[in-house]
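One structure is given here, and the rest of the page talks about it.
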There are 4 protein chains.
Amino acid sequence: MRPKDETKREAILNAAMVLINTLGLAHTSMSKIAREAGVSPATIYIYFENKDHLLLTLYVEVKREMSRAILDSLDDDLDIRDAFRFMWENLYAYYLAYPDHFVFAEQFCNAPIADAVEEEEAKGFFAPFTHLIERGQKEGILKQVPMELLVAFAFHPLTQLAKQHVKEGIAMDDDGLEAAFSCAWDAVAAPEA
Amino acid sequence: MRPKDETKREAILNAAMVLINTLGLAHTSMSKIAREAGVSPATIYIYFENKDHLLLTLYVEVKREMSRAILDSLDDDLDIRDAFRFMWENLYAYYLAYPDHFVFAEQFCNAPIADAVEEEEAKGFFAPFTHLIERGQKEGILKQVPMELLVAFAFHPLTQLAKQHVKEGIAMDDDGLEAAFSCAWDAVAAPEA
Amino acid sequence: MRPKDETKREAILNAAMVLINTLGLAHTSMSKIAREAGVSPATIYIYFENKDHLLLTLYVEVKREMSRAILDSLDDDLDIRDAFRFMWENLYAYYLAYPDHFVFAEQFCNAPIADAVEEEEAKGFFAPFTHLIERGQKEGILKQVPMELLVAFAFHPLTQLAKQHVKEGIAMDDDGLEAAFSCAWDAVAAPEA
Amino acid sequence: MRPKDETKREAILNAAMVLINTLGLAHTSMSKIAREAGVSPATIYIYFENKDHLLLTLYVEVKREMSRAILDSLDDDLDIRDAFRFMWENLYAYYLAYPDHFVFAEQFCNAPIADAVEEEEAKGFFAPFTHLIERGQKEGILKQVPMELLVAFAFHPLTQLAKQHVKEGIAMDDDGLEAAFSCAWDAVAAPEA
DNA sequence: AATGAATGAGTGTTCATTCAT
DNA sequence: TATGAATGAACACTCATTCAT
């Protein structure tokens with residue numbers, strides 16, 4: 001008996017992501033994924049129960065890697081603003097380094113199939129971030145508004161910028177990042193006394 | 001030869017939107033659209049060249065309606081902050097009133113097929129908004145940063161919030177809106193002297 | 001709009017029967033049926049909901065034709081033995097004339113899929129026969145035993161004989177039929193006083 | 001090198017029979033058989049050359065067991081009628097005791113694949129029965145008609161009854177059996193002088 | 001303009017079988 | 001012997017689109 005081939009599993013996941021980004025979810029078929037991954041269509045079903053399961057797995061793994069890249073090296077002793085900035089820059093760097101992860105995640109999470117992801121599963125990866133916000137609010141540094149607002153302003157404009165930059169093949173320089181961060185920080189920071 | 005039936009055209013477009021929101025782009029076929037719209041598959045091809053054309057048309061029309069709802073009643077004489085707030089509230093109201101337009105647009109614009117939309121076509125609808133920003137920067141009221149930054153912070157967090165609220169079936173009350181707007185305004189407004 | 005083509009429907013049903021008799025239920029696929037019928041696989045689904053529905057329809061129609069051939073010309077005024085013999089000979093003649101109907105029915109009714117046939121639907125075709133038996137019992141000509149016994153002895157040996165004869169390409173002559181019928185009649189007839 | 005495991009072979013054959021009776025020949029695949037038998041698909045090929053060989057083997061073994069149950073204890077000294085009755089009751093008892101053997105055999109022998117069984121192989125098991133008939137004809141107790149007729153009337157109605165009873169989960173009592181046997185015997189017995 | 005019939009190419013998935021261990 | 005991995009071909013069925021009316 002041959003052992004399962006981890007590289008084959010990775011090849012399948014990666015082929016799926018590449019095709020979804022190129023052709024779209026709607027035109028990415030199992031046989032195209034198989035061809036791109038260099039395996040037989042039947043082989044995919046050894047590693048994944050069915051197409052939905054494959055896509056869902058891909059999404060969760062991408063999200064996990066994202067959170068790792070952004071949060072793993074987060075230092076709890078940093079003051080709020082520095083921690084915030086650290087994540088912000090990590091995130092933008094991640095988008096530029098793995099644009100396909102990011103493009104895929106954006107397409108996937110807006111499709112109804114994404115509803116099948118255990119909400120908490122994906123969200124859980126970002127727990128350290130929510131803790132940071134709570135700390136910031138307790139310390140009076142962040143605005144006393146619902147958490148979802150702060151998350152929306154902290155993350156989403158950056159995502160949108162990255163989407164444009166990835167599509168146009170450009171990137172912000174240090175000044176651009178600085179300017180963008182100042183917008184983000186002003187959005188979430190409590191007005192100074 | 002009867003003239004083309006405008007209500008039939010609308011029925012087709014609407015059926016497509018409903019199905020795409022329910023089943024996803026990937027599982028929305030021409031025959032399902034036909035069945036949902038109460039017409040024959042062949043009839044769709046009288047109104048639209050092919051599937052892509054139908055989807056693209058739908059997207060452009062949705063975007064046009066969005067911009068109309070938000071910008072048509074914009075008064076050029078309003079001061080920047082009031083104009084800004086006017087649009088902001090119009091936009092959130094639109095999301096709540098036509099969640100399917102909005103959910104569709106989000107799914108569609110993240111799929112590669114959206115690349116086929118004349119970039120400027122969709123953007124053009126929002127020209128009044130960019131003029132507003134330019135005026136705000138000239139007047140020193142908005143931050144002197146690239147326009148795309150201001151757009152990203154002005155629009156995108158709200159979109160994200162609306163997406164959550166639509167999915168969870170909730171809505172912000174006046175206080176919530178006030179808080180959210182203050183975040184947005186702080187993000188884009190020039191720091192006071 | 002083209003009208004549905006009845007000959008196409010017949011061609012599909014007949015192709016299915018031929019292939020099932022040749023290759024067996026297990027090796028008869030929709031694409032083989034399509035090829036044999038000279039239509040596209042997709043066309044089959046215009047006439048039949050799915051494979052099971054196609055097979056079930058085929059079975060019911062074959063049973064209907066069988067009962068028509070055997071019972072339609074049955075004369076209620078005949079005495080029991082003559083009526084019985086009339087049907088018996090009609091049935092054997094039918095088997096020889098339409099061996100494929102018969103071979104198909106035998107294979108199909110022994111497969112679990114046959115459980116899906118409305119029991120009464122197929123049985124109903126043979127109501128005239130059960131009425132005949134009841135009359136024969138009332139007149140004291142047939143044995144006073146459960147109806148299912150009489151049916152089993154009246155029909156099933158003949159079916160078995162026909163199965164062998166069809167397979168071996170032979171047929172009973174008049175003497176053979178006479179002998180066979182005398183066995184059948186002795187089985188069901190009440191012992192003479 | 002371990003010796004082949006007889007229980008494993010039995011498990012495979014039994015799994016095949018169970019699945020064929022449940023799902024039908026058409027939906028019984030090698031991997032389903034493997035799963036049901038608790039072995040790997042590859043293992044089946046150690047015991048059987050291929051799928052056809054497995055099915056054919058199963059059929060022959062079932063037929064062998066049937067003939068054993070019915071004929072092994074047959075006493076040549078019994079008079080014809082008693083011997084006949086002995087087998088008749090043994091056969092019905094067997095059907096009730098091993099309905100799955102019987103249901104399988106009926107499905108299988110009506111499928112074209114059964115043509116591959118050495119005709120004589122299966123028939124051979126029932127040689128004692130044909131000898132009995134020959135003796136009965138010589139003694140003038142059975143009708144002087146072709147043997148196949150007597151076999152058809154002796155066996156087939158009973159099979160048909162058993163099929164119904166197995167499906168409906170009922171069984172004949174002693175009176176029912178008596179009545180059924182009297183039909184069978186009248187069918188095959190020579191008319192009394 | 002409008003339709004249901006028709007289709008070849010494609011879908012996601014399972015098949016019988018073999019491979020490598 | 002026994003296995004799970006692996007596969008190309010096939011499966012039932014649907015696709016986007018065109019045809020004939």
Side-chain angles (χ1 to χ4, degrees), chain A residues 1-5 8-9 26-35 38-55, chain B residues 1-5 8-9 26-35 38-55, chain C residues 1-5 8-9 26-35 38-55, chain D residues 1-5 8-9 26-35 38-55:
Chain A
M1 154 184 83
R2 254 168 295 185
K4 265 192 200 174
D5 185 342
K8 216 163 261 183
R9 184 177 180 279
H27 298 102
T28 297
S29 68
M30 292 298 261
S31 39
K32 283 176 189 161
I33 293 172
R35 200 177 312 124
V39 301
S40 159
T43 302
I44 298 179
Y45 291 85
I46 294 170
Y47 294 89
F48 305 95
E49 202 177 319
N50 53 39
K51 192 184 184 183
D52 277 10
H53 184 67
L54 160 57
L55 298 182
Chain B
M1 188 176 85
R2 278 161 285 177
K4 282 192 193 177
D5 181 343
K8 215 164 262 187
R9 186 176 177 280
H27 298 105
T28 298
S29 69
M30 292 297 261
S31 31
K32 284 176 188 162
I33 293 171
R35 201 177 312 128
V39 301
S40 158
T43 303
I44 299 180
Y45 288 85
I46 296 169
Y47 293 89
F48 304 95
E49 200 178 321
N50 54 36
K51 192 183 184 186
D52 276 11
H53 183 64
L54 160 58
L55 298 182
Chain C
M1 167 194 64
R2 254 168 296 184
K4 266 192 199 175
D5 185 343
K8 217 164 261 185
R9 186 177 178 279
H27 298 102
T28 298
S29 69
M30 292 299 260
S31 40
K32 283 175 188 161
I33 293 172
R35 201 176 311 125
V39 301
S40 159
T43 302
I44 298 180
Y45 291 87
I46 295 171
Y47 293 88
F48 305 94
E49 203 177 319
N50 55 38
K51 191 185 184 182
D52 276 12
H53 186 66
L54 160 58
L55 298 182
Chain D
M1 187 177 86
R2 275 161 290 176
K4 283 191 192 175
D5 183 342
K8 214 163 260 184
R9 186 175 177 281
H27 298 105
T28 298
S29 69
M30 292 297 261
S31 31
K32 284 176 188 162
I33 293 171
R35 201 177 311 127
V39 302
S40 158
T43 304
I44 298 180
Y45 289 84
I46 295 169
Y47 293 90
F48 305 94
E49 202 177 320
N50 55 36
K51 192 184 184 185
D52 276 12
H53 183 65
L54 161 58
L55 298 182

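Letters A, B, ... are given to chains in the order of the sequence lines, protein chains preceding strands, and every chain is numbered from 1. In this text the structure is predicted, and so the values were computed from the model without any measurement.
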Testing the basics here: between [X] and [Y], what is the closest heavy-atom pair and its distance to 0.1 Å?
| X | Y | result |
| --- | --- | --- |
| C/Tyr45 | C/Asn50 | CE2-CA, 3.9 Å |
| A/Glu49 | A/His53 | N-CD2, 3.5 Å |
| D/Lys32 | D/His27 | NZ-O, 2.9 Å |

Let me know the distance between [atom1] of [X] and [atom2] of [N], rounded to the nearest Å.
| X | N | atom1 | atom2 | answer |
| --- | --- | --- | --- | --- |
| C/Asp5 | E/dT7 | CG | P | 10 Å |
| B/Arg9 | E/dA2 | CZ | P | 13 Å |
| C/Lys8 | E/dA5 | NZ | P | 11 Å |

Sequence neighbours excluded, which residues qualify as side chain to side chain donor-acceptor pair (under 3.5 Å) partners of A/Asp52?
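If we apply the side chain to side chain donor-acceptor pair (under 3.5 Å) test to A/Asp52, skipping adjacent residues, there are no hits.
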As a quick check of understanding, evaluate side-chain contact (heavy atoms from CB on, under 4.5 Å) for B/Asp5 and B/Tyr47, giving each step before the final call.
CA-CA 9 Å; B/Asp5 181 343; B/Tyr47 293 89; 3.4 Å; yes
Does C/Ile46 reach the side chain of C/Lys8, with side-chain heavy atoms less than 4.5 Å apart?
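Sidechains of C/Lys8 and C/Ile46: no contact.
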Give the intermediate values and the outcome of side-chain contact (heavy atoms from CB on, under 4.5 Å) for residues C/Leu55 and C/Thr28.
CA-CA 11 Å; C/Leu55 298 182; C/Thr28 298; 5.9 Å; no
Rounded distance [0.5 Å steps], OG1 in C/Thr43 versus CZ in C/Arg9
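If we round to the nearest 0.5 Å, C/Thr43:OG1 and C/Arg9:CZ are 14.5 Å apart.
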Which sits closer to the 5' end of DNA chain E, C/Ile46 or B/Thr43, going by the nucleotide each is nearest to?
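The answer here is B/Thr43.
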Check this one for me: any side-chain N or O of B/Tyr47 less than 4.0 Å away from OP1 or OP2 of E/dA1?
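For E/dA1, neither OP1 nor OP2 has a side-chain N or O of B/Tyr47 closer than 4.0 Å.
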Of all the base pairs, Watson-Crick or G-U under 3.5 Å, which form stems of three or more consecutive pairs involving DNA chain F?
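Looking at DNA chain F, the stems formed by three or more consecutive pairs are E:2-21 with F:2-21.
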For nucleotides 9-16 of chain F, read 5' to 3', which letter fits each nucleotide if B means a protein heavy atom sits under 4.0 Å from the base, S means only the sugar-phosphate is that close, and - means neither?
--SSBBBS
